[in-house]
Amino acid sequence: MFFRSPLSLLLVLLSSILEGAVSTEWEEIVLLPSESSSSKDATSFQAVVSPPNPNDPIGHTAKPLSDISQSGPAELPFSIPSIMGVAENVGLKILDTQYSATHAVKGVMFDLHARRGALTITGLNLNLDHSGERIAVTVYEKIASGPWQGSAYKQDSWRIVLSDTVISKGRDKPSSIGPIDINIDRNSVKALYIWAERKNAPYDESLLVTQEIAPEKDVVAKNTHLSAKVGNSNSKAPFELFYMRWNFNGSIKYKLNTFKADGEPKRRPTKNTLVSGTRKPTHFESGVMFQVKAKRTIKIKGFRMAFRHNKKETVRIYTKGGKPSVRMTKNQWKYMGDSEVDARNGVECGCFSKLEMENIPEVKIKKGRIRTFYISVKDNRNLLISNFRQKKNGEIARQNKDAFLFVGSSVEGDFGTTYPNWEFIGSLDYDIL
C-alpha cells in the first residue's frame, strides 16, 4: 500500500481503528540514492503492516449449496484456490533473482540467457504490492531470439504468452503465475516483458522492482542453466517510455529440454498442451462449451478437465466446425463419443483429470479455422468452471504459439440452457501437423 500524503495515511489508520484492529509495526523500504533520471518513472514507497481487510471481496462466502435455487451455474460454497494443473512437476527448476524491492512500477523488461542447454520457462513468481488484491498481469515474449534492445518500443515484435489476474501475496513474497511455455534454445537469449497493474485504482503501480546502481553489473542472478540480466522499467503505458537499470524481482520456473548422450545434447520430446486461461474455479455445472482457433494446423488428441468431486463419471464429447449458433440443438453437433474418467477433486489435488480417449477420434483443425467443443458430464453437475476474470464470450481466454482458446458458455443438463461468459478449466493435448 502506498501513502502519498499524511492525510491519506491518517485516513487509513482511522479506518483500521474503526475496524478494531490496528497494527503499530512499521516497515520501511530504504530507497537507494540515485541522481539519474531513471528514478522519475518509478514510485518509491513506505509501507505499513496492517491486518487483512475483512471487506476484501476475495474472501467472501457464497450461498450454501442448500440455498441455491436459481438457474444457471451453481456457486461454489467457499473461496477456492487456483488449480495448478496436471501434477507433473518432475524436473521443475527455479532461478531466484531477488525479493528486495525499492520501487513500484507497471512494467519490467529483461533478458534470460540459457547458459548450457535448451530449456522451457514454465512459470514465474512475481514480487507484487497491494497484498490480497487482484492484479492484472500480462507476460510477453519477444518473438525473435535475442535481447530486448532495439525492440522495447515495437509492440509488434512481441507476443502475449499469458494474460491473467493474480491475487497479490504482498511485498517481497512470491506471487505465482503460470503455466507459461517459453522455449529458449541452447546458449540463446530470450527477452521477456511483464506488465502488471491494479485497474481502476488511484495508485495502480503494482510490480515491485529494484533499482540497479552498480554501473558495471549486467547479471541479476544466475545458476548452472540460466541467467537473468539487468533490464528496464516503465509505467506510462505498455511499450512506452522506458527507464534503464531496473532489476526484475521474483523467480523463473523452468524445465530442461536436453539430456546428454554420447556427449551430445539431444532434445527431449515435448508434449503440446494448451492450458485454460484461468485455473480459479467459481462455479460448477453439467457442461461447458468453448472454441479453439488454430494458428497452424493441429490435431486435438485429448482433454483434461477440472472436477468438483472424486467420482467415476461418464463424459460426453461433441464438436462442430465454426462457432455455435445462438440456439443450441443436438443435430448441429458431431458426437465424438463417451469417455469414462475417475474424476479427482480438482480443488483438493490441485490437478486436472485426464479423459480417456481410446475410442474417441482425434480432431484436425486447419490453420485459421475455428472448432467448437462441447463437453458434458452425464447426469451430474461435476465440472468446475469460472467467471473469475469476468471475460465475455469470444474473448481470448488463452493463446500460445499454435492456437487460441476462447471464452465460451456453460450448459445446463444435456443440450439444455446455455449461459454465456464462462471459462473452461483444463487443458487440450494436441499434435502439430
Side-chain angles (χ1 to χ4, degrees), residues 85-86 88 118-123 139-141 143-145 158-164 178-185 190 255 257 267-279 287-306 315-324 332-339 341 352-376 383 391 393-409 423-433:
V86 183
E88 295 176 355
L119 52 85
T120 299
I121 308 300
T122 61
V139 179
Y140 301 82
E141 67 166 328
I143 297 172
S145 296
W158 301 75
R159 63 181 163 215
I160 296 174
V161 294
L162 177 69
S163 181
D164 205 351
I180 58 178
D181 183 14
I182 299 175
N183 291 301
I184 310 178
D185 291 333
K190 174 65 73 169
K255 290 183 179 181
N257 293 345
R267 187 174 181 87
R268 289 174 180 162
T270 57
K271 177 174 55 185
N272 298 305
T273 301
L274 178 60
V275 183
S276 57
T278 182
R279 292 159 302 285
V288 65
M289 182 169 54
F290 55 90
Q291 294 87 49
V292 178
K293 182 177 181 179
K295 295 182 181 180
R296 50 181 170 173
T297 302
I298 61 175
K299 181 189 290 183
I300 304 297
K301 298 175 66 67
F303 301 90
R304 302 169 193 262
M305 310 293 293
V315 178
R316 292 173 171 170
I317 306 174
Y318 303 85
T319 188
K320 69 180 296 293
K323 299 178 182 179
Q332 298 173 336
W333 295 80
K334 177 183 177 181
Y335 171 62
M336 296 175 62
D338 285 359
S339 173
V341 56
F352 304 145
S353 298
K354 184 177 180 180
L355 304 188
E356 293 298 327
M357 303 291 287
E358 183 177 350
N359 299 317
I360 297 176
E362 298 171 345
V363 179
K364 180 178 178 181
I365 309 177
K366 292 183 178 180
K367 179 180 178 180
R369 299 287 181 86
I370 294 175
R371 181 158 286 276
T372 301
F373 294 92
Y374 168 41
I375 298 177
S376 177
L383 279 182
K391 285 180 172 287
N393 266 50
E395 287 190 57
I396 296 173
R398 184 78 190 276
Q399 64 173 304
N400 62 14
K401 62 184 183 299
D402 303 318
F404 296 96
L405 176 65
F406 295 97
V407 176
S409 303
E423 292 193 62
F424 147 78
I425 300 177
S427 63
L428 292 76
D429 296 333
Y430 63 92
D431 282 341
I432 299 169
L433 301 182

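This one's a predicted model, so the numbers in the text were calculated from it and none came from an experiment.
- Closest approach of Leu383 to Gly287, counting heavy atoms only: CD1-CA, 3.9 Å.
- Across all their heavy atoms, Thr372 and Gly322 have their closest contact at OG1-O, 2.5 Å.
- Here CD1 of Ile298 is found 4.5 Å from CD1 of Ile365. Values are rounded to the nearest 0.5 Å.
- Under the 4.0 Å criterion applied to side-chain N and carboxylate O atoms, Asp402 and Lys295 are not assigned as salt-bridge partners.
- At a threshold of 4.5 Å between non-hydrogen side-chain atoms, the residues Trp158 and Ile143 do not count as touching.
- For Tyr318, the ring-ring contact (aromatic ring centres under 6.0 Å, His included) partners are Tyr335, Tyr374, Phe415, not counting sequence neighbours.
- Proximity of Glu141 to Arg159: side-chain heavy atoms (C-beta onward) are separated by under 4.5 Å at one or more points.
- Judged purely by distance below 3.5 Å, without hydrogens or angles, the side chains of Ser409 and Asn393 pair a donor atom with an acceptor atom.
- Residue Thr273 holds its OG1 atom at 10.5 Å from CZ of Phe352, rounded to the nearest 0.5 Å.
- In terms of modelled atom types and a separation under 3.5 Å, the side chain of Thr120 and the main chain of Asn183 share no donor-acceptor contact.
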In sequence, state the C-alpha distance, the side-chain angles, and the governing distance for Phe406 and Ile396, and then conclude on side-chain contact (heavy atoms from CB on, under 4.5 Å). CA-CA 5 Å; Phe406 295 97; Ile396 296 173; 3.8 Å; yes

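- Listed by chain and residue number, Glu395 satisfy the salt bridge (Lys or Arg N to Asp or Glu O under 4.0 Å) test with Lys391 (two or more places apart in sequence, or in another chain).
- Taking NZ from Lys354 and CG from Asp429, the interatomic distance works out to 6.5 Å, rounded to the nearest 0.5 Å.
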What verdict does the side-chain contact (heavy atoms from CB on, under 4.5 Å) test give for Ile121 and Lys255, after you've listed the backbone C-alpha separation in whole Å, the side-chain angles of each residue and the deciding distance to 0.1 Å? CA-CA 7 Å; Ile121 308 300; Lys255 290 183 179 181; over 6 Å; no

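- At least one side-chain heavy atom of Arg296 sits less than 4.5 Å from a side-chain heavy atom of Lys401.
- For Glu356, the CD atom sits in a loose shell: 12 or fewer heavy atoms of surrounding residues, nucleotides or ligands are nearer than 6.0 Å.
- Thr297 places a side-chain N or O within 3.5 Å of a backbone atom of Lys367 that can act as its donor or acceptor partner.
- Distance CG/Asp164 to CZ/Arg398: 8.0 Å, rounded to 0.5 Å.
- In this structure the side chain of Met305 never reaches within 4.5 angstrom of the side chain of Ser353, judged on heavy atoms.
- Thr319 contributes atom OG1, which lies 9.5 Å from atom CD1 of Ile375 (distance to the nearest 0.5 angstrom).
- A centroid separation of less than 6.0 Å is found between the aromatic rings of Phe303 and Phe373.
- Counting only heavy atoms from C-beta outward, the side chains of Arg304 and Leu428 never approach each other to under 4.5 Å.
- With rounding to the nearest 0.5 Å, the separation of CG in Leu355 from CD1 in Ile317 is 5.0 Å.
- At least one donor-acceptor pair under 3.5 Å links the side chain of Ser276 to the backbone N or O of Gly426.
- A 4.5 Å side-chain heavy-atom check between Val292 and Tyr430 finds every atom pair outside the cut-off.
- Atom NZ of Lys293 has 12 or fewer heavy atoms from other residues, nucleotides or ligands within 6.0 Å.
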